[in-house]
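Have a look at the structure below before the remarks.
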Amino acid sequence: MNSVKRRGFARLTGAALVCGLAAAGAIATAGPAAADDAPQNQGGVTATLGRITAGGGAVVHDRRKTGPVLAGLFEMKVDGGGTLQTYCIDILTNTVDGAKYKEAGWDESSLHDNKNAGKIRWILQHSYPQVNDLAALGKDSGAGTLDANTAAAGTQVAIWRYSDNVNVDARDPAAEKLADYLYKSAQDIEEPKASLTLTPPAVSGKSGQKLGPVTVHTNASSVTVTSTDAAAQHVKIVDKSGKPVTSTANGEELYFDVPAGTPDGSASLKATAATKVPVGRAFIGDHTKTQTLILAGSSESTVTAGATANWAKKGAIPAVSARKDCAKGGVEITADNKGDEAFTFELDGKKNTVKPGGSEKVFVKVAEDQAYKITINGPNGFTKTFTGILDCKTAETGTTGGSGGTPSPSGTPVPASGSRTGGATGGDLATTGSSSATPMIAGIAAALVVVGGAAVFFLRKKKTTGE
């Protein structure tokens, strides 16, 4: 094959990868996301992955994978308005084009057991794009002349050395000098706080009372509060003095004021603010297995959080919430009962009972890279479903010099009992943008469409001739 044909083949293959990726991502995320009525995270920003806006080449030399990779800065579009800039902290896992991401704490990501997580945040604060005086950055680091591409590449390489403990070098000498400088200079600093959260995310009690408190945690100067349930029109969101609330701030407490005689039911509130997300916050795939990212920069962006309340006149009155626990490798369910009767529910094949006025925590083990679906049912039609994907580790599989594993864009939902199907999967280098299985799946799907279309055409033609 001559050089011209080889270049043409490369372009054609690249186009096929992009098309196959888009189809796989849409199919993978459509199902589970629609079923999620109680997301685990208590709030923050959600965003859609865009393209690398600045970067350069790098080379990985590792027992898990060896080869070229593009090191750079991703742009993300925030739901509701705003943009984010992020770097990768999971080099061997694929990105899924157009994937949805959500803000998360380090304990919900691969940083939960990374002793160098604080050094990664230091690098983010002391390099591009937080430091946009590239002449000064080049002088301080000894890298010489830097532009956006070399600065982004060097920063990403330095981050990978700490996030993945991987041997990776930047191709550009200036980028490599910057990476060495950042890596050697990094110091341990604390984890940033969330842009907006509400705790606890679920409360309960008897009608005729104020249910709460729900505490606001945010770096925004002001937070708008609205009720999202038209059916609960008599229920008001108030402060601790009972005054109706439409706007609040960090540290304030919110309550659901449920008048006496209100029929048994539930309501929810939504908190919204505009703020810059703190540098160093992790971003994980929302119902999609994709590359974990870390925030390098933020415009003023829309952040949201929600909380629910459940009430009744008598009997068991549960409030149920969930959070991912990467240290234990699963999901921790918290069940409170503000009623006058015991609340009994079955989870992971075991029966659990929460006494009146009590609280219980139940842990459900979930395999890494595994999707799950956990449903809890209670009295008076009470039901809560928690879905997601456990993504707590950087990819550890792959073969030197060849293609790596073939991660699926998303896993198979786990039944309410907590039983699991499927298993952990490996990953390919970040630059591929898709698993090695994606082009095959896309090709088979396209072939089936073509064959199906041809069959319909010939059947119609045959029918017309017969008539």
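- Without hydrogens or angle criteria, Thr150 side chain to Leu146 main chain gives no donor-acceptor distance under 3.5 Å.
- Summarising the geometry of Ala312 relative to Ile317, their closest heavy-atom pair is O-CD1, 3.6 Å, with the distance given to 0.1 Å.
- For the atom pair Ile52 CD1 and Leu70 CG, the distance stands at 4.0 Å (nearest 0.5 Å).
- Between Thr248 and Asp239, the closest side-chain pair of non-hydrogen atoms is not below 4.5 Å.
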Could you list the donor-acceptor pairs under 3.5 angstrom formed between side-chain atoms of residues 74-81 and any protein atom two or more places apart in sequence or on another chain?
unit_1	atom_1	unit_2	atom_2	d
Asp79	OD1	Lys100	NZ	2.8
Asp79	OD2	Thr46	OG1	2.9
Asp79	OD2	Lys100	NZ	3.0

Show your working on salt bridge (Lys or Arg N to Asp or Glu O under 4.0 Å) between Asp97 and Arg51 and close with a plain yes or no. CA-CA 8 Å; Asp97 192 25; Arg51 298 295 184 183; 3.1 Å; yes
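- Side-chain N or O atoms of Lys210 include one that pairs as donor or acceptor with a backbone N or O of Lys240 at under 3.5 Å.
- In this structure, the separation between OG1 on Thr197 and CD on Glu103 is 9.0 Å, given to the nearest 0.5 Å.
- A donor-acceptor pair is defined here as one N or O able to donate and one able to accept, closer than 3.5 Å; no such pair exists between the side chain of Gln125 and the backbone of Gln130.
- Lys324 places a side-chain N or O within 3.5 Å of a backbone atom of Ile389 that can act as its donor or acceptor partner.
- Of all non-hydrogen atoms in Gly82 and Ser299, the two that sit nearest each other are CA-OG, 3.4 Å.
- Residue Tyr101 comes nearest to Gly285 through the heavy atom pair CD2-N, 3.9 Å, listed as atom of the first residue, atom of the second, then distance.
- Using a 4.5 Å heavy-atom cutoff, the side chains of Leu49 and Leu293 are in contact.
- Between Val203 and Lys338, the closest side-chain pair of non-hydrogen atoms is not below 4.5 Å.
- For Glu191 (side chain) and Trp106 (main-chain N/O), a donor-acceptor pair under 3.5 Å exists by modelled atom type.
- For the residue pair Thr387 / Lys373, no side-chain donor-acceptor distance below 3.5 Å is found, with atom types taken as modelled.
- Side chain to side chain, Thr275 and Ser195 fail the donor-acceptor criterion of an N or O pair below 3.5 Å.
- Side-chain contact check for Trp122 versus Ser185: some heavy-atom pair is nearer than 4.5 Å.
- Judged by distance alone, with hydrogens and angles left aside, the side-chain atoms of His112 form a donor-acceptor pair with the main-chain N or O of Ser109 at under 3.5 Å.
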Side chain to side chain donor-acceptor pair (under 3.5 Å) between Thr304 and Thr272, intermediate numbers included: CA-CA 4 Å; Thr304 61; Thr272 306; over 6 Å; no
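- Between the NZ atom of Lys365 and the CG atom of Asp325 there is a distance of 9.0 Å, given to the nearest 0.5 Å.
- Distance check: Ser163 OG to Asn116 CG gives 9.5 Å after rounding to the nearest 0.5 Å.
- In summary, Asp391 and Lys289 engage in a salt bridge, as defined by a charged side-chain N under 4.0 Å from a carboxylate O.
- Taking the side chain as every heavy atom from C-beta outward, Tyr372 and Val331 approach each other to under 4.5 Å.
- With 3.5 Å as the limit, one finds no donor-acceptor pair spanning the side chains of Thr95 and Thr290.
- Interatomic distance, Asp90 CG to Asp164 CG, rounded to the nearest 0.5 Å: 6.0 Å.
- Proximity of a side-chain donor or acceptor of Asp264 to a complementary backbone N or O of Lys313 within less than 3.5 Å is detected.
- Counting heavy atoms from C-beta on, the side chains of Thr93 and Thr292 never come closer than 4.5 Å.
- Distance check, rounded to the nearest 0.5 Å: OG of Ser266 to CG of Asn380 gives 10.5 Å.
- Thr262 and Ser207 share no side-chain donor-acceptor pair at under 3.5 Å.
- With hydrogens and angles ignored, the 3.5 Å screen pairs no side-chain donor or acceptor of Gln370 with any backbone N or O of Leu390.
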Evaluate Tyr87 against Leu73 for side-chain contact (heavy atoms from CB on, under 4.5 Å), listing each step before the verdict. CA-CA 5 Å; Tyr87 286 108; Leu73 191 65; 3.4 Å; yes
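- Between Ser359 and Asp336, the side chains place a donor N or O and an acceptor N or O closer than 3.5 Å (distance only, hydrogens not considered).
- For Asn377, the CG atom counts as densely surrounded, since its 6.0 Å shell holds more than 12 non-hydrogen atoms of other residues, nucleotides or ligands.
- Taking every heavy atom of both residues into account, Pro201 and Ser321 meet most closely at CG-CB, 3.6 Å.
- Put simply, the side chain of Trp311 never gets that close to the backbone of Ala267: no donor and acceptor are under 3.5 Å apart.
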Quick one, Ile159 with Ile89, criterion side-chain contact (heavy atoms from CB on, under 4.5 Å). Give me CA distance, side-chain angles, the key distance, then yes/no. CA-CA 7 Å; Ile159 290 172; Ile89 52 172; 3.8 Å; yes
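- Qualifying side chain to side chain contact (heavy atoms under 4.5 Å, CB included) partners for Ala151, counting only residues two or more places apart in sequence or in other chains: Tyr128, Leu134, Leu178.
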Using side-chain contact (heavy atoms from CB on, under 4.5 Å), reason through Asp113 and Cys326 one step at a time and then give a plain yes or no. CA-CA 8 Å; Asp113 61 350; Cys326 283; over 6 Å; no
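- Under the 4.5 Å side-chain criterion, counting only non-hydrogen atoms from C-beta, Lys193 is not in contact with Arg281.
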Show your reasoning for whether side-chain contact (heavy atoms from CB on, under 4.5 Å) applies to Ile333 and Asn352. CA-CA 11 Å; Ile333 305 295; Asn352 303 274; over 6 Å; no
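- Residues Val225 and Thr246 have side chains not in contact (no heavy-atom distance under 4.5 Å, counting atoms from C-beta outward).
- Judged purely by atom type and a 3.5 angstrom limit, Asn310 uses its side chain to pair as donor or acceptor with the backbone of Pro318.
- Counting all heavy atoms, side chain and backbone alike, Phe343 lies closest to Asn337 at N-ND2, 3.4 Å.
- Taking each heavy atom of Ala335 and Phe345 in turn, the nearest pair found is CB-CE2, 3.8 Å.
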